[in-house]
Undergrad: 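Structure below; questions to follow.
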Number of protein chains: 2
Amino acid sequence: MSTPPAPRTPAPAPGAPASDAPALGAPASDAPAPALRAPTLAQRKRQLVATELTETALQLFAHKGFEAVTVDEVATAAGVSKRTFFRYFASKEDVVVQFLAGMGADMRTALAARPAGERPSAALLHAVSVPLAACGDHPERTLPVVRLILGTPALLARFLEHEAGWREELAGELAGRLGLDPAGLYPPLAAGMALTAFETVLCRWSEDAGSGGGGGVDPLALIAEAFGVLAPALDAVRG
Amino acid sequence: MSTPPAPRTPAPAPGAPASDAPALGAPASDAPAPALRAPTLAQRKRQLVATELTETALQLFAHKGFEAVTVDEVATAAGVSKRTFFRYFASKEDVVVQFLAGMGADMRTALAARPAGERPSAALLHAVSVPLAACGDHPERTLPVVRLILGTPALLARFLEHEAGWREELAGELAGRLGLDPAGLYPPLAAGMALTAFETVLCRWSEDAGSGGGGGVDPLALIAEAFGVLAPALDAVRG
DNA sequence: CTGCGTGTGTCACTCGGTGTCAAACATGAC
DNA sequence: GTCATGTTTGACACCGAGTGACACACGCAG
């Protein structure tokens, strides 16, 4: 879609940099920014509340279902007021969906990091594999969230909205890589195909993985198989 | 996705058969059911209120923006109470999104109607072309709605949710046609690719079409072009 | 006329979400 | 130590979406 993701988070909060809550996407890479190693005490406090809120919410949602839990409940259980909850999250859905907020950015940077000459199918496969690898590596943390999202209409809707944003980013990056018109048909189409594969794999993984911690299937194997189907189309670039 | 679309419309209303409001999808085909030509007076009254509500809402939304219009406003302008509004539509979003409720069913039946031996790319192209043809034929009615949806986060989310449902339907139909396991990777992947193309085309069409009634580009030409990209992947079925 | 079913309006209520204000707190300057 | 500043928080009031309950009006069979 061409709709700008629309900063649904109008209040990333005064003092906070950007994303709170342990993002699910990249392994948080430790090396990139050796400078700026001083998370203000205030920032760390904020982070603390955010994670407390997130974990409390996820636990309650998993236990009683998303709709059956009120924001007041979550806030009180975490020891803050409802008003404060909304200073950390723009909406009730946000607590869950922000958990995978980094995925889009991760995909894009991964795509940007691929060698210039690489075939689109290979580059996109690697990009989309990053968050899936994170899922495969920590199923005990990611599986419940993914299942919650996929099983709750309201959350699914938000998730898909996010994906639409990712798609634009990927399409832009792809157009840049290949020197194509970003307004052409191929870039968004290719990005959409990659995300369709991503979604399909996520879905199948969340179904097949045993309810016990260790997932049953490897998401990386699934995504590779899916890209085996997509590749003929992805690599026949014409603009 | 494997999430059942979840009957967001818990109240199709006591006396109503199924869908109210003039669906956008198929040309409403006149021939199919020659019997049962007696829409109870009550039913026609209901239909009347539904269309009044829909048109009033669309007009207000287009004029002031979706979020800026309250349900009370719509209801009052249409001459009913807020409570009655919710007896016709499950949510505020529903008024807009139900406008294209038929699309999914149209696609599926169109796909089912294609000759058995046809290549998946051709069959899916025809399926997805049905609603797009409707858009191309009546841009003055469809363009504003499409633009409204694509430009409003809340509506976009709902739309994407609908699409997830369509995808499952198409995947099921496709699996049946090709004798594949519906739980395999190919069916949902192929359906997702077709819908990605659909979405991309819808998006580009809504941007390019002059704000005047007559659209600038032909959605059917666009979708054919998009399927030119997808075909190599769609027709390399392996299961 | 009476009973019945359906559709509607009114009222009251829950819950998500926001604006406002005042108190609590940390920080830095003097 | 104290005053001034800025940020975070809770409390309160408020809006809008959505629901449940009840009572009333209509069209229709007896």
Side-chain angles (χ1 to χ4, degrees), chain A residues 7-17 20 38-50 52-53 57 60-61 64-97 152-155 157-158, chain B residues 7-17 20 38-50 52-53 57 60-61 64-97 152-155 157-158:
Chain A
R8 173 167 315 290
T9 344
D20 296 333
T40 317
L41 191 134
Q43 286 177 336
R44 275 181 299 169
K45 263 174 57 179
R46 212 189 140 70
Q47 178 71 27
L48 201 76
V49 178
E52 176 68 24
L53 234 20
L60 283 174
F61 292 160
K64 305 175 53 177
F66 179 77
E67 341 255 22
V69 178
T70 72
V71 173
D72 245 323
E73 224 172 321
V74 176
T76 307
V80 298
S81 71
K82 177 183 126 184
R83 193 63 188 85
T84 293
F85 174 97
F86 284 109
R87 280 193 258 256
Y88 281 81
F89 302 98
S91 71
K92 193 179 157 190
E93 286 100 13
D94 239 39
V95 198
V96 184
V97 174
T152 308
L155 291 175
R158 293 286 183 211
Chain B
R8 175 167 315 286
T9 345
D20 296 333
T40 317
L41 190 135
Q43 285 177 336
R44 275 181 300 168
K45 262 172 59 180
R46 216 192 135 69
Q47 177 70 28
L48 202 75
V49 178
E52 178 67 25
L53 234 20
L60 284 174
F61 292 159
K64 305 175 53 178
F66 180 77
E67 341 257 20
V69 178
T70 72
V71 173
D72 245 323
E73 222 172 321
V74 175
T76 306
V80 298
S81 73
K82 178 182 126 185
R83 194 64 186 84
T84 293
F85 174 96
F86 284 109
R87 281 193 257 255
Y88 281 81
F89 302 98
S91 71
K92 193 179 157 191
E93 286 99 12
D94 239 40
V95 199
V96 184
V97 175
T152 308
L155 291 175
R158 292 287 183 209

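Residue numbering restarts at 1 for every chain, and letters A, B, ... go by the order of the sequence lines.
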Undergrad: How many whole angstroms separate atom CZ of Phe86(B) from atom C1' of dG18(D)?
TA: 5 Å
Undergrad: On the nucleotide dT8(C), are OP1 or OP2 found under 4.0 Å from the side-chain N or O atoms that Tyr88(B) carries?
TA: yes
Undergrad: Could you pick out which residue, Phe85(B) or Val71(A), lies toward the 5' side of DNA chain C when each is mapped onto its nearest nucleotide?
TA: Phe85(B)
Undergrad: Less than 4.5 Å apart, any side-chain heavy atom of Leu155(A) and any of Phe61(A)?
TA: no
Undergrad: Phe85(A) versus Val95(A): any side-chain heavy-atom pair under 4.5 Å?
TA: yes
Undergrad: Is Glu73(A) reaching over with its side chain to a backbone N or O of Thr70(A), donor-acceptor style, under 3.5 angstrom?
TA: yes
Undergrad: For the pair made of CG in Asp72(A) and P in dA13(D), what is the distance, rounded to whole Å?
TA: 15 Å
Undergrad: Would you kindly give the CG-to-C1' distance between Leu155(A) and dG16(C), to the nearest whole Å?
TA: 14 Å
Undergrad: When we call it a touch if two heavy atoms are under 4.0 Å apart, what does Lys82(B) touch: a base, just sugar-phosphate, or nothing?
TA: base
Undergrad: If you find the nucleotide of DNA chain D closest to Lys45(A) and the one closest to Glu67(B), which residue's nucleotide is nearer the 5' end?
TA: Lys45(A)
Undergrad: Expressed in angstrom and rounded to an integer, what is the separation of Arg46(A) atom CZ from dT9(D) atom C1'?
TA: 11 Å
Undergrad: Rounding to a whole Å, what distance do you find between Arg87(B):CZ and dT10(C):P?
TA: 11 Å
Undergrad: Indicate yes or no for a side-chain donor-acceptor contact from Thr76(B) to the backbone of Asp72(B) under 3.5 Å, with no hydrogens or angles considered.
TA: yes
Undergrad: Output the rounded distance in Å from CZ (Phe89(A)) to P (dT18(C)).
TA: 14 Å
Undergrad: Given dT8(C), dG18(D), dT9(D), which nucleotide is nearest the side-chain atoms of Val49(B)?
TA: dT8(C)
Undergrad: Between Lys82(A) (side chain only) and Val74(A) (backbone N and O only), is there a donor and an acceptor less than 3.5 Å apart?
TA: no
Undergrad: Under 4.0 Å, heavy atoms only, any strand: does Val69(B) hit a base, just the sugar-phosphate, or nothing?
TA: sugar-phosphate
Undergrad: Can you tell me how far P of dG16(C) sits from CZ of Arg83(A), to the nearest Å?
TA: 14 Å
Undergrad: Rounded to whole angstroms, how far apart are CZ on Arg44(A) and P on dC25(C)?
TA: 20 Å
